[in-house]
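Please read these numbers as outputs of a predicted model, since none were measured by experiment. Protein chains get the first letters and strands the later ones, always in sequence-line order, with residue 1 at the start of each.
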Number of protein chains: 2
Amino acid sequence: MSNTKVLPLLDPAGQAAAPCCPPLTERPFSAQEAETAARMFKALGDPVRLRLFSLVASYEGGEACVCDISDVGVSQPTVSHHLKKLKDAGLLTSERRGTWVYYRVEPSVVAAMGRLLALRPAA
Amino acid sequence: MSNTKVLPLLDPAGQAAAPCCPPLTERPFSAQEAETAARMFKALGDPVRLRLFSLVASYEGGEACVCDISDVGVSQPTVSHHLKKLKDAGLLTSERRGTWVYYRVEPSVVAAMGRLLALRPAA
DNA sequence: CCCCTGCTTCGACATATGTCAACATAGACG
DNA sequence: CGTCTATGTTGACATATGTCGAAGCAGGGG
């Protein structure tokens, strides 16, 4: 269960890993920043994708093959389609090992989304 | 007239806004949890809405009237339409004061989204 | 009282999206 | 090779979404 690296989420210094955007409260987003960030949020803006994503994220070992997470109430091609969207958005990565394809979460991108949502401390 | 719904995300009693869902990594989302959370992410999944949201979030005093943030490249009715979506998702609140309508961020909902994106420290 | 300004709602439209069945591809294993 | 299993791709289709112009509503001054 132990692991090797500290996730960038907890790093107080600005991370170069996920370049997209500053916190929402810091300044208005430019059109291009908004375009980039919206793509990530849109990827999580579907119930089926969100379930698939949480299935991968919470799976033992931090990765899951498609066969492990296909039971979300839609057909197999649809699962594949959604996984591709999550991958295109940078939220998941995939790797084929033998017969199966394993998906895992891309921590830096998720951490960037989290930082983007940070609000100002005290109002 | 339209299918405007009561906000499902805000508990009228508890301001503490029951965070809809556990962190993504804790366990797989149920269908209903995914439905609820996806609505929030979807609201931020459009570039124009994200710009409007960051405009409000970063505006001096924590609030902005529509006239202050209408310059995002779409028509004024479209701005109003997007603000309504953000409001329906529970991300913004609005208040009319005289001639102008002011929007501000609902911090508890944004915070809940942030918590949802938290990754495990070492997994 | 009437009209002007700020904002929302309506109606219409083009495009994007989610979904499935059918087909295609990639390895594994006889 | 042939075939089986696990995934991905294609094509089609219904629905959702983003957008605009026009019209409606609410307050504030003249």
Side-chain angles (χ1 to χ4, degrees), chain A residues 29 31 34-53 55-56 59 63-89 91-104, chain B residues 1-5 7-8 29 31-32 34-53 55-56 59 63-89 91-104:
Chain A
F29 280 9
E35 200 83 36
T36 301
R39 213 173 305 140
M40 302 188 293
F41 282 107
K42 184 187 268 186
L44 293 183
D46 177 273
V48 173
R49 279 199 293 273
L50 206 44
R51 288 188 74 184
L52 290 170
F53 193 68
L55 275 161
V56 172
Y59 215 79
E63 67 176 12
C65 88
V66 180
C67 58
D68 289 326
I69 60 178
S70 292
D71 194 20
V72 289
V74 295
S75 70
Q76 186 275 324
T78 302
V79 168
S80 192
H81 171 248
H82 284 308
L83 287 172
K84 178 177 166 54
K85 284 217 157 186
L86 287 166
K87 197 175 157 187
D88 288 347
L91 290 163
L92 291 180
T93 57
S94 70
E95 181 197 357
R96 170 159 224 138
R97 289 208 297 276
T99 304
W100 299 280
V101 176
Y102 292 87
Y103 282 83
R104 58 171 56 236
Chain B
M1 339 234 191
S2 62
N3 50 2
T4 309
K5 292 192 57 178
L7 305 183
F29 280 9
Q32 188 164 8
E35 199 84 36
T36 301
R39 215 173 303 143
M40 302 189 290
F41 283 107
K42 184 187 268 185
L44 294 182
D46 177 272
V48 173
R49 280 199 293 273
L50 206 44
R51 287 188 75 184
L52 289 170
F53 193 68
L55 275 161
V56 172
Y59 215 78
E63 66 176 13
C65 87
V66 180
C67 59
D68 289 326
I69 59 178
S70 292
D71 194 20
V72 288
V74 295
S75 70
Q76 199 277 327
T78 301
V79 168
S80 193
H81 168 75
H82 283 308
L83 288 173
K84 177 176 166 52
K85 284 216 158 186
L86 288 166
K87 197 174 155 186
D88 287 345
L91 291 163
L92 291 180
T93 58
S94 70
E95 181 196 358
R96 169 160 224 138
R97 288 208 298 276
T99 305
W100 301 279
V101 175
Y102 292 87
Y103 282 81
R104 57 170 56 238

Open item on the list: Without decimals, in angstroms, what is the distance between B:Tyr102 OH and D:dA26 C1'?
Closed with: 15 Å

Open item on the list: Counting only heavy atoms from other residues, nucleotides and ligands, does the tally under 6.0 Å from CD of B:Gln76 exceed 12?
Closed with: yes

Task: Shortest non-hydrogen contact from B:Ala64 toward B:Tyr59 - done: CB-CG, 3.7 Å

Task: Residue whose closest nucleotide on DNA chain C lies nearer the 5' end, B:Trp100 versus A:Arg96 - done: B:Trp100

- [ ] Output yes when at least one side-chain N/O atom of B:Tyr103 is less than 4.0 Å from OP1 or OP2 of C:dT8, else no.
- [x] yes

TODO: Would you jot down, in residue-number order, the residues of residues 63-76 of chain A having a non-hydrogen atom under 4.0 Å from DNA chain C?
DONE: A:Val74, A:Ser75

- [ ] Taking only the side-chain heavy atoms of B:His82 (C-beta and beyond), determine which of C:dG27, C:dC7, D:dG18 contains the nearest atom.
- [x] D:dG18

Task: Rounded distance in Å - CG (B:Leu83) to P (C:dG6) - done: 16 Å

Open item on the list: In whole Å, I'd like the distance from the NZ atom of A:Lys87 to the P atom of D:dT7.
Closed with: 13 Å

- [ ] Start with the C-alpha distance between B:Leu44 and B:Met40, add both sets of side-chain angles, then the distance that settles side chain to side chain contact (heavy atoms under 4.5 Å, CB included), and finish with yes or no.
- [x] CA-CA 7 Å; B:Leu44 294 182; B:Met40 302 189 290; over 6 Å; no

Task: d(NZ, B:Lys84; P, D:dT19) in whole Å - done: 17 Å

Task: Integer-rounded Å distance: C:dT8 P and B:Asp88 CG - done: 12 Å

Task: Phosphate-side-chain proximity, B:Thr78 and D:dG18, N/O vs OP1/OP2 below 4.0 Å - done: no

Open item on the list: Taking 4.0 Å as the cut-off, does a side-chain nitrogen or oxygen of A:Ser80 come that near to OP1 or OP2 on D:dG8?
Closed with: yes

Open item on the list: Quick one, A:Val56 and A:Leu52 - any side-chain contact, counting heavy atoms below 4.5 Å?
Closed with: no

Open item on the list: Once salt bridge (Lys or Arg N to Asp or Glu O under 4.0 Å) is applied, do any residues pair with A:Arg96, and if so which ones, sequence neighbours excluded?
Closed with: none

Below 3.5 Å is the cut-off: list the nitrogen or oxygen pairs between protein and nucleotides 14-17 of chain C, distance only.
unit_1 : atom_1 : unit_2  : atom_2 : d
C:dT17 : OP1    : A:Lys42 : NZ     : 2.9

TODO: Name all residues meeting the salt bridge (Lys or Arg N to Asp or Glu O under 4.0 Å) criterion together with A:Lys84; count only those two or more places apart in sequence or in a different chain, and write none if there are none.
DONE: A:Asp88

Open item on the list: Determine whether a donor-acceptor pair (N or O, by modelled atom type, separation under 3.5 Å) exists between the side chain of A:Arg39 and the backbone of A:Ala89.
Closed with: no

Open item on the list: Taking salt bridge (Lys or Arg N to Asp or Glu O under 4.0 Å) as the definition, give me every residue that meets it alongside B:Glu35, ordered by chain and number, with sequence neighbours left out.
Closed with: none

Open item on the list: I'd like to check the side chain to side chain donor-acceptor pair (under 3.5 Å) partners of A:Thr93; sequence neighbours left out, ordered by chain and number.
Closed with: none

Open item on the list: Once you apply a heavy-atom cut-off of 4.0 Å, does B:Thr99 come out as touching a base, just sugar-phosphate, or nothing?
Closed with: sugar-phosphate

